[in-house]
Amino acid sequence: MASKTMEKAKEILRQQRYYDSVQGLMGWDLWEGLSAKGQPYRSEVSGFFTRQALDQLKAPETAKIVAELEEMGDGDFEDLYQRGMAKELCRRYAMATRAPADLQVELRNYTGKAQLAWRDALEANSFEQYKPWIAGLFELKKRMAEAIDPNKPAFDVLCDTVDQGIDTAEAARLFAGLKAGVVEILNQIRDRHAAIDVSVLDTEYTHQQRRDMAFEINMLTGFDDKCAHDSQVLHGMCTGVGPRDCRIAISYKGCWGGVFTMLHEGGHARYGYNSNDQAVENGLWGGLGGAMHEGQARFYENIIGKSPEFWGLAYPVVQKYFPHLKNVPMEKFYMALMQVKPSLHRITADELTYSLHPIIRFEMEKDWFDGKTKTDDFEEIWRAKYQETFGLTPKDAREGALQDIHWASGHVGYFQSYTLGNLYGGQLLHAIKKTLPDFDGLIAKGEFAPINQWLYDNVHQYGRAMTPKEVLEKATGEVLTEQYFLDYLREKYLVKLK
């Protein structure tokens with residue numbers, strides 16, 4: 001009986017992942033090729049597949065299988081992939097049966113339109129133009145959270161759908177310790193970094209130059225470009241269309257920002273395409289969403305990609321595309337890239353102060369769900385928080401509350417993942433150095449195979465078979481803490497770059 005139940009469950013989840021692939025491809029196409037007048041039909045098609053997926057999940061046969069799975073204990077499954085598949089199907093069933101189909105379709109269609117509205121508001125530099133959309137979106141997300149679990153605070157529900165096992169109180173506790181540590185480091189290096197000469201970064205360039213340079217630098221890390229495709233959009237993202245098919249979309253901020261965006265989205269893609277065959281077979285490919293995914297992206301972007309050892313490899317690539325830099329010492333160029341300077345933009349923020357930016361969004365979301373604020377006031381709240389945190393005030397909507405696409409795309413309850421992802425990265429680094437004590441030396445020599453293999457063995461291969469907590473504790477032997485990431489920042493900014 002159990003084997004028949006598992007085979008039926010596997011087939012249902014396999015088909016659910018087909019629907020995921022269709023929706024992922026349409027989401028990618030929203031930015032890659034969708035015409036303005038094609039949007040209504042795209043919403044109709046997306047709604048059709050959403051209902052098809054929900055109908056399968058809510059069918060009596062699925063309910064019977066889920067009931068049987070819920071009766072099984074962990075010891076009844078052959079391996080962690082069977083257990084993970086069962087838990088994934090039960091989770092999807094609960095979501096489908098608790099949240100009305102009309103609400104799910106409404107939310108999906110609304111976010112498709114809201115993303116285009118965000119783009120138009122960004123072009124017009126008008127938060128006023130975007131207000132109705134963000135108000136509607138937050139209300140829809142609240143309704144969704146209340147449908148999923150009316151017995152928990154709505155914001156906790158939304159955050160748990162992204163970062164399973166970490167509630168808002170735990171996130172706030174971790175963030176408090178992190179903020180104090182970051183400010184302490186910042187105060188020690190502020191004057192020294194203010195004196196860094198960044199004029200060396202000023203250069204003329206073509207889009208093809210910066211794209212090809214960023215792509216080649218990403219390839220230094222052992223990235224498999226046969227499993228990923230890159231393109232250019234307003235806001236960087238990575239969409240998993242299949243177990244070996246990831247779509248990277250790069251937002252090139254000036255000449256150099258694309259390098260780190262490519263490494264970041266490449267980290268997402270690497271986690272996305274690196275699930276092992278058992279994870280793929282059981283419909284668990286693509287990795288854990290939220291902080292674990294962001295942790296992989298930020299590991300390659302920052303811990304590897306912003307290390308002095310890596311730039312010993314990357315700088316010759318830069319010089320190939322920009323020959324005038326052959327007369328500029330690598331150390332001078334690198335220090336200009338690494339300058340710590342509080343800024344208004346999250347995406348282009350320096351590595352040290354970056355974590356404070358998502359915390360601001362997290363706090364704004366939490367206050368709204370606690371009934372303390374209104375979305376109509378978000379622009380003013382944003383300005384006040386940036387003044388309080390960084391001593392800086394946005395001059396317009398583009399510098400402020402319109403700079404991120406996340407709310408428009410429905411990612412309310414997601415921003416904490418970026419900062420938590422940094423914490424995951426710091427903790428994984430601490431663990432990897434126990435196995436590979438010459439971690440920095442391997443990067444300097446361009447020997448990424450041992451590093452990539454460790455991440456594959458301990459994180460990537462499992463896909464969605466385990467919870468984030470289980471993966472982290474299996475890989476590091478500890479629960480999540482902010483201390484290892486702070487240790488990494490202190491060593492880098494107070495020792496290495498002194």
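Nothing fancy with the numbering, it's 1 onward along the sequence. Below, each value reflects all heavy atoms present in this structure, side chains not excepted, and no hydrogens, waters or symmetry copies.
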Does a side chain donor of either [X] or [Y] reach within less than 3.5 Å of an acceptor in the other side chain?
X	Y	result
Ser343	His345	no
Glu351	Tyr488	yes
Glu281	Tyr81	no
Glu11	Gln15	yes
Gln427	Thr476	yes
Gln278	Asn282	no
Thr50	Gln23	yes
Asp120	Gln129	no
Asn422	Ser355	yes
Glu68	Thr5	yes
Glu294	His268	yes
Gln164	Asp160	no

So, for [X] and [Y], which heavy atoms are closest and what is the spacing to 0.1 Å?
X	Y	answer
Met213	Val259	CE-CG2, 3.7 Å
Tyr484	Thr481	CD1-CG2, 3.6 Å
Leu80	Ala465	CD1-CB, 3.3 Å
Ile451	Ile304	CG2-CD1, 4.2 Å
Gln16	Ala53	NE2-O, 3.0 Å
Gly289	Asp163	O-OD1, 4.3 Å

Is it the case that the side chain of [X] and the backbone of [Y] share a donor-acceptor pair, with hydrogens and angles ignored and the cut-off at 3.5 Å?
X	Y	result
Glu7	Ser3	no
Glu265	Cys238	yes
Ser126	Ala121	no
Thr221	Asn218	yes
Gln416	Gly413	yes
Arg17	Gly283	yes
Lys141	Gly410	yes

Measure centre to centre between the rings of [X] and [Y], then say whether the value is under 6.0 Å.
X	Y	result
His293	Tyr424	no
Trp285	Tyr273	no
Tyr386	His357	yes

Within-4.5 Å side-chain heavy-atom neighbours: [X] and [Y]:
X	Y	answer
Asp76	Gln82	no
Ser275	Pro243	no
Met72	Leu69	yes
Arg398	Leu402	no
Asp212	Glu216	no
Leu140	Leu103	yes
Arg247	Leu25	yes
Asn458	Lys474	no

[Y] and [X] aromatic ring geometry - parallel, tilted or perpendicular at 30°/60° bounds:
X	Y	result
Tyr271	His460	tilted
Phe299	Phe439	perpendicular
Tyr110	Trp133	tilted

Query raised in the report: Between Leu57 and Leu89, does a side chain to side chain contact (heavy atoms under 4.5 Å, CB included) hold up when you go through it step by step?
Result: CA-CA 9 Å; Leu57 285 171; Leu89 181 57; 3.9 Å; yes
Requested in this report: Before giving the answer on side chain to side chain contact (heavy atoms under 4.5 Å, CB included), spell out for Thr375 and Glu139 the whole-Å C-alpha distance, their side-chain angles and the decisive distance to 0.1 Å.
Outcome: CA-CA 10 Å; Thr375 54; Glu139 289 294 340; over 6 Å; no
Requested in this report: Under the side chain to side chain contact (heavy atoms under 4.5 Å, CB included) rule, what do Arg210 and His207 come out as? Steps first, then yes or no, please.
Outcome: CA-CA 5 Å; Arg210 64 181 181 179; His207 169 65; 3.3 Å; yes
Should the pair [X] and [Y] be classed as cation-pi, given the thresholds of under 6.0 Å to the six-membered ring centre and 45° from the axis?
X	Y	answer
Lys306	Phe260	yes
Arg91	Tyr93	no
Arg298	Tyr354	yes
Arg270	Tyr300	yes

Query raised in the report: Considering the options Tyr418, Trp118, Tyr414, which one meets the side chain to side chain donor-acceptor pair (under 3.5 Å) requirement together with His406?
Result: Tyr418
Query raised in the report: Does the distance from a Lys or Arg side-chain N to an Asp or Glu carboxylate O, for Asp167 and Lys366, drop under 4.0 Å?
Result: no
More than 12 heavy atoms from other groups under 6.0 Å of [atom1] on [X]:
X	atom1	result
Glu61	CD	yes
Lys131	NZ	yes
Glu123	CD	no

Query raised in the report: Out of Phe415, Phe485, Phe362, which one pairs with Phe175 under the ring pair (Phe, Tyr, Trp, His ring centres under 6.0 Å) rule?
Result: Phe362
Requested in this report: Hey, could you give me the CG/CG distance between Leu13 and Leu284, rounded to the nearest 0.5 Å?
Outcome: 6.0 Å
